[in-house]
Amino acid sequence: MTSVTPTTAGKRPYEASVWRVRTLIRVGAVTQALGWIALVLVLGVRGDETLFSWAALVGFVVVVPFLALWPRIRLRADGSVTFWGWTRVLTANVDEIVRLSMSPYGLRCEFADGSTFTSVIFQATGHIRYPRVFDFVEAATGERPVLESWRVWDAATDHGIQLFPPVTAGNAATTTFFAGATPRNPDEARFLTRLAEFARGWRGPIAPSDTQSIELVPLVIGIRVLDLSTPLTLWLAYHPAEHSLIGCWGDDYVLDDYDPSDAEQLTITGENESAEFFAERASEWISHQLARPVSREWWGGKQSRWVFEDSGSTFWGYVSRRRLARGAPTRRVVERFE
């Protein structure tokens, strides 16, 4: 992933917050400790207990609750942050943080003086909408992570899952299409060069500052579409090694809504095809998406979706089945004409 100039986080106001081990784990640790205490009270002490028995009891009643209840992270309004670990406590200022990543042992913080601290508060586990560590990163740095996906085994790589510095497209004044990533091989370089040539002719028009490339695996491309009532992003991922190209509509979450079974989305493979071939297919799909007539439909005041006028299919938004079953939308606006 690309790096950026560290944020001036220490110069902005902060919302005081505390993060702890998940509530379910803390409750479980206390409950099992109380269970062991109750068991001892019921059975009593017989006098033939071994050293191992007492050590196990201390482990379950004292050590396990300590491991679950003691670790925490506290962010204060002045920008100071304190990390409570199992063996030490560290206080620093968030503007001293130069990198945040998810390691196999938890959230790893790297500071300007070269020191590090790993907190077990956050782990690379499953999530419903987004990993809760995103909330801490955004609160501390002012930048919310954008990841193509969240895979547990990514934390075991050499650099872990990088959360900060964030992946960005550069500043708004850029004159280069798909700025951000440095091509890692000739295929990526040719793909980006050819796609940039096509980008000048896309409807909108699309400005260079509306595009970005992200140095992930695969190479990710983002095109911000601003002519809708809520700006959305066309996401693409080119994987030279696997000879594949995929794409979908989305928000700030990279390719979160890609579905290979959806015919409206982009899925291209070709073992013997060139980078230029994939760039042409990408441009054709992007150009088609930017030219399609679009309507936005509301059911009530909050739930809405965007649909293609030419096919009637939904490409973004959410409306519950219960509301859809009621019939026609309560409001409908054509946002893009042919």
Side-chain angles (χ1 to χ4, degrees), residues 1-4 145-149 151 154 157-159 161-162 165-226 231-260 262-292 315:
M1 295 185 180
T2 57
S3 62
V4 296
V146 177
L147 301 178
E148 61 167 338
S149 60
R151 296 185 295 261
D154 284 347
T157 61
D158 291 340
H159 300 289
I161 304 175
Q162 182 169 329
V167 177
T168 66
N171 61 59
T174 181
T175 58
T176 303
F177 281 99
F178 309 112
T182 300
R184 290 159 293 197
N185 53 63
D187 283 328
E188 289 187 354
R190 295 201 308 272
F191 177 83
L192 289 173
T193 299
R194 186 60 173 149
L195 194 61
E197 295 173 358
F198 287 121
R200 296 179 176 85
W202 291 339
R203 174 176 173 167
I206 297 296
S209 58
D210 300 328
T211 69
Q212 64 175 306
S213 60
I214 304 177
E215 207 167 304
L216 299 174
V217 178
L219 175 69
V220 171
I221 300 298
I223 299 100
R224 195 72 165 161
V225 181
L226 303 176
L232 297 175
T233 301
L234 287 170
W235 291 110
L236 296 94
Y238 171 53
H239 203 316
E242 296 185 1
H243 311 284
S244 68
L245 173 69
I246 62 175
C248 68
W249 284 88
D251 54 10
D252 291 336
Y253 294 93
V254 180
L255 290 164
D256 228 28
D257 293 88
Y258 173 69
D259 180 1
D262 188 346
E264 295 279 11
Q265 299 184 6
L266 178 67
T267 304
I268 301 291
T269 58
E271 185 173 348
N272 297 317
E273 303 296 349
S274 65
E276 290 80 5
F277 167 85
F278 286 105
E280 291 173 11
R281 301 293 81 75
S283 179
E284 290 172 356
W285 183 77
I286 294 168
S287 182
H288 179 55
Q289 301 303 307
L290 296 176
R292 301 178 76 174
F315 68 91

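Between Ile286 and Leu236, the closest side-chain pair of non-hydrogen atoms falls below 4.5 Å. Using a 4.5 Å heavy-atom cutoff, the side chains of Trp249 and Gln289 are in contact. Side-chain contact between Glu188 and Thr182: absent, with no pair of heavy atoms (C-beta onward) separated by less than 4.5 Å. You'll find the side chain of Thr267 reaches within 4.5 Å of the side chain of Tyr258, heavy atoms only. Leu245 has its side chain out of reach of Trp285: every pair of non-hydrogen atoms, C-beta onward, lies at least 4.5 Å apart. Side-chain contact between Asp257 and Asp262 is absent, with no heavy-atom pair separated by less than 4.5 Å. Proximity of Thr176 to Pro208: side-chain heavy atoms (C-beta onward) are nowhere separated by under 4.5 Å. In this structure, the side chains of Ile214 and Trp235 come closer than 4.5 Å at one or more pairs of heavy atoms.
A distance of 10.0 Å separates CD in Glu284 from CG in Leu266, rounded to the nearest 0.5 Å. The CD1 atom of Ile268 sits 11.5 Å away from atom CD1 of Ile246, with the distance rounded to the nearest 0.5 Å. Put simply, CG on Leu234 and CG on Leu290 are 5.5 Å apart, with the number rounded to the nearest 0.5 Å. We find the CG-CD distance between Leu216 and Gln162 to be 9.5 Å, quoted to the nearest 0.5 Å. The OG1 atom of Thr233 sits 8.5 Å away from the CD1 atom of Ile223 when rounded to the nearest 0.5 Å. How far NE2 of His243 is from CG of Asn272: 7.5 Å, rounded to the nearest 0.5 Å.
Taking every heavy atom of both residues into account, Cys248 and Leu255 meet most closely at SG-CD2, 3.8 Å. Of all heavy-atom pairs spanning Thr211 and Phe178, the tightest one is OG1-N, 2.8 Å. Minimum heavy-atom separation, Phe198 to Ser283: CB-OG, 3.1 Å. The minimum heavy-atom distance linking Arg184 with Pro218 is given by the pair NH2-C, 4.3 Å. What you find for Ile221 and Ser213 is that their closest heavy atoms are CD1-CB, 3.8 Å.
Using modelled atom types, no side-chain atom of Trp202 and backbone atom of Ala207 make a donor-acceptor pair closer than 3.5 Å. Arg200 contributes a side-chain N or O that, together with a main-chain N or O of Ala196, makes up a donor-acceptor pair within less than 3.5 Å. Using a distance-only test at 3.5 Å, with no hydrogens or angles considered, a donor-acceptor pair links the side chain of Thr193 to the main chain of Ala189. Remark: side-chain polar atoms of Gln265 are paired, donor with acceptor, to backbone N or O of Asp259 under 3.5 angstrom.
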task = Take Arg224 and Ile206, measure what side chain to side chain contact (heavy atoms under 4.5 Å, CB included) needs, and give me the verdict at the end.
result = CA-CA 8 Å; Arg224 195 72 165 161; Ile206 297 296; over 6 Å; no
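Classified by interplanar angle (parallel below 30°, tilted 30° to 60°, perpendicular above 60°), the ring pair Phe191/Tyr238 is parallel.
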